[in-house]
Amino acid sequence: QVQLVESGGGLVQAGGSLRLSCATSTRTFRRYAMGWFCQAPGKEREFVAAVSWSGEMTDYADSVKGRFSIFRDNTKSTTYLQMNSLKPEDTAVYYCAARSWGTDIPARSHYDYWGQGTQVTVSS
């Protein structure tokens with residue numbers, strides 16, 4: 001069982017930045033592709049960004065391209081989401097996820113493990 005713990009959420013004004021972290025409790029972190037998802041009130045959870053096991057390949061939802069950046073530190077078993085130029089519509093709970101197969105590429109679905117989420121609120 002892999003445990004994921006997100007941190008770094010909070011309240012920020014529009015145009016500001018946040019960096020989310022996802023700490024993973026596994027010694028085999030390199031075996032997992034990682035992703036970030038978000039869920040706003042009344043909406044379904046949706047894909048935000050993903051990174052391959054090596055960190056060399058990334059994928060982003062159109063709504064965050066050019067503003068968000070996903071990267072990972074395999075020596076620390078941690079995945080990050082740098083969020084810049086935040087907008088009120090980015091307000092949501094952000095979840096980290098790990099996928100144990102097809103890890104050579106970033107993935108938008110079929111993740112095996114999920115964190116509990118961290119709240120991001122962007123005020124106008």
Side-chain angles (χ1 to χ4, degrees):
Q1 186 74 9
V2 176
Q3 293 185 332
L4 309 174
V5 180
E6 302 95 336
S7 62
L11 174 64
V12 64
Q13 289 187 335
S17 298
L18 283 174
R19 176 177 289 187
L20 305 184
S21 299
C22 173
T24 307
S25 67
T26 175
R27 296 180 180 180
T28 59
F29 181 64
R30 289 176 180 269
R31 296 182 183 179
Y32 295 89
M34 301 298 295
W36 285 96
F37 294 76
C38 69
Q39 187 168 19
K43 294 186 177 181
E44 294 186 353
R45 186 165 55 191
E46 60 183 28
F47 169 76
V48 175
V51 61
S52 61
W53 74 269
S54 66
E56 293 181 351
M57 296 185 66
T58 58
D59 186 25
Y60 297 92
D62 288 344
S63 60
V64 306
K65 280 182 181 177
R67 300 190 298 122
F68 291 10
S69 178
I70 185 172
F71 57 100
R72 61 191 292 164
D73 185 340
N74 286 347
T75 67
K76 297 181 178 180
S77 298
T78 301
T79 309
Y80 303 92
L81 184 68
Q82 179 66 42
M83 311 166 69
N84 298 328
S85 302
L86 282 161
K87 304 175 181 179
E89 51 263 43
D90 295 321
T91 295
V93 177
Y94 283 74
Y95 298 90
C96 174
R99 170 170 153 154
S100 61
W101 58 280
T103 59
D104 290 346
I105 58 173
R108 295 192 174 204
S109 62
H110 297 92
Y111 281 80
D112 303 302
Y113 304 101
W114 294 84
Q116 294 300 308
T118 184
Q119 176 71 46
V120 171
T121 303
V122 184
S123 63
S124 58

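Under a cutoff of 6.0 Å and an axis angle of 45°, Arg99 and Trp53 do not form a cation-pi pair. With a 6.0 Å cutoff to the six-membered ring centre and a 45° limit on the axis angle, Arg72 counts as a cation-pi contact of Phe29.
Using a 4.5 Å heavy-atom cutoff, the side chains of Thr79 and Trp36 are in contact. Side-chain contact between Val93 and Thr118 is absent, with no heavy-atom pair separated by less than 4.5 Å. The side-chain heavy atoms of Trp114 and Phe37, taken from C-beta on, include a pair separated by under 4.5 Å. A heavy-atom distance below 4.5 Å is found between the side chains of Leu86 and Leu18.
Enclosure of atom CD in Gln3 is not indicated, since only 12 or fewer non-hydrogen atoms of other residues, nucleotides or ligands lie within 6.0 angstrom. For Gln116, the CD atom is loosely surrounded, since the number of other residues' heavy atoms within 6.0 Å does not exceed 12.
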* Apply side-chain contact (heavy atoms from CB on, under 4.5 Å) to Ile70 and Val48, showing your working. => CA-CA 9 Å; Ile70 185 172; Val48 175; over 6 Å; no
* Asked: Would Phe71 and Tyr80 satisfy ring-ring contact (aromatic ring centres under 6.0 Å, His included), going step by step from the backbone distance to the final call?
  -> CA-CA 5 Å; Phe71 57 100; Tyr80 303 92; 5.0 Å; yes
* To do: List the steps, then state whether side-chain hydrogen bond (donor to acceptor under 3.5 Å, both in side chains) holds for Ser100 with Asp112.
  => CA-CA 7 Å; Ser100 61; Asp112 303 302; 2.8 Å; yes
* After noting the C-alpha distance and the side-chain angles of Tyr60 and Phe47, does the key distance pass the ring-ring contact (aromatic ring centres under 6.0 Å, His included) rule? -> CA-CA 8 Å; Tyr60 297 92; Phe47 169 76; 8.1 Å; no
* Output, in order, the C-alpha distance, side-chain angles, deciding distance and verdict of side-chain contact (heavy atoms from CB on, under 4.5 Å) for Trp101 and His110. => CA-CA 9 Å; Trp101 58 280; His110 297 92; 3.5 Å; yes
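Here the shortest heavy-atom pairing between Ser124 and Ala14 reads CA-CB, 4.4 Å. Annotation for Cys22 and Met34: closest pair SG-CE, 4.2 Å, computed over non-hydrogen atoms. Of all heavy-atom pairs spanning Tyr111 and Ala98, the tightest one is CD2-C, 3.4 Å. Of all non-hydrogen atoms in Gln82 and Arg19, the two that sit nearest each other are OE1-NE, 2.7 Å. For the residue pair Thr91 and Val122, the shortest heavy atom distance occurs at OG1-N, 2.9 Å. Heavy-atom minimum distance, Arg67 versus Ser63: NH2-O, 2.9 Å.
Side-chain atoms of Thr26 and Thr28 form a donor-acceptor pair, as typed in the model, at a separation below 3.5 Å. For the residue pair Ser17 / Asn84, a side-chain donor-acceptor distance below 3.5 Å is found, with atom types taken as modelled. Defined by atom type and a distance below 3.5 Å, a donor-acceptor pair is missing between the side-chain atoms of Ser52 and Asp104.
From Glu89, atom CD reaches atom SG of Cys38 across 11.0 Å, with rounding to the nearest 0.5 Å. Between the OG atom in Ser54 and the CD1 atom in Ile105 there is a gap of 11.5 Å [rounded to 0.5 Å]. With values rounded to the nearest 0.5 angstrom, Met83 atom CE is found 5.0 Å from Leu20 atom CG. Distance check: Thr103 OG1 to Arg31 CZ gives 10.0 Å after rounding to the nearest 0.5 Å.
Between Tyr32 and Tyr113, the ring planes are perpendicular. Angles over 60° get that label, and only those under 30° would be called parallel.
The existence of a salt bridge linking Asp62 and Lys65 is confirmed by a sub-4.0 Å separation between a basic side-chain nitrogen and an acidic carboxylate oxygen.
Under the 4.5 Å side-chain heavy-atom criterion for grouping Ile, Leu, Val, Met, Phe, Trp and Tyr, Val120 is not connected to Tyr95 through any hydrophobic cluster.
For the pair Glu6 (side chain) and Cys96 (backbone), a donor-acceptor distance under 3.5 Å is present.
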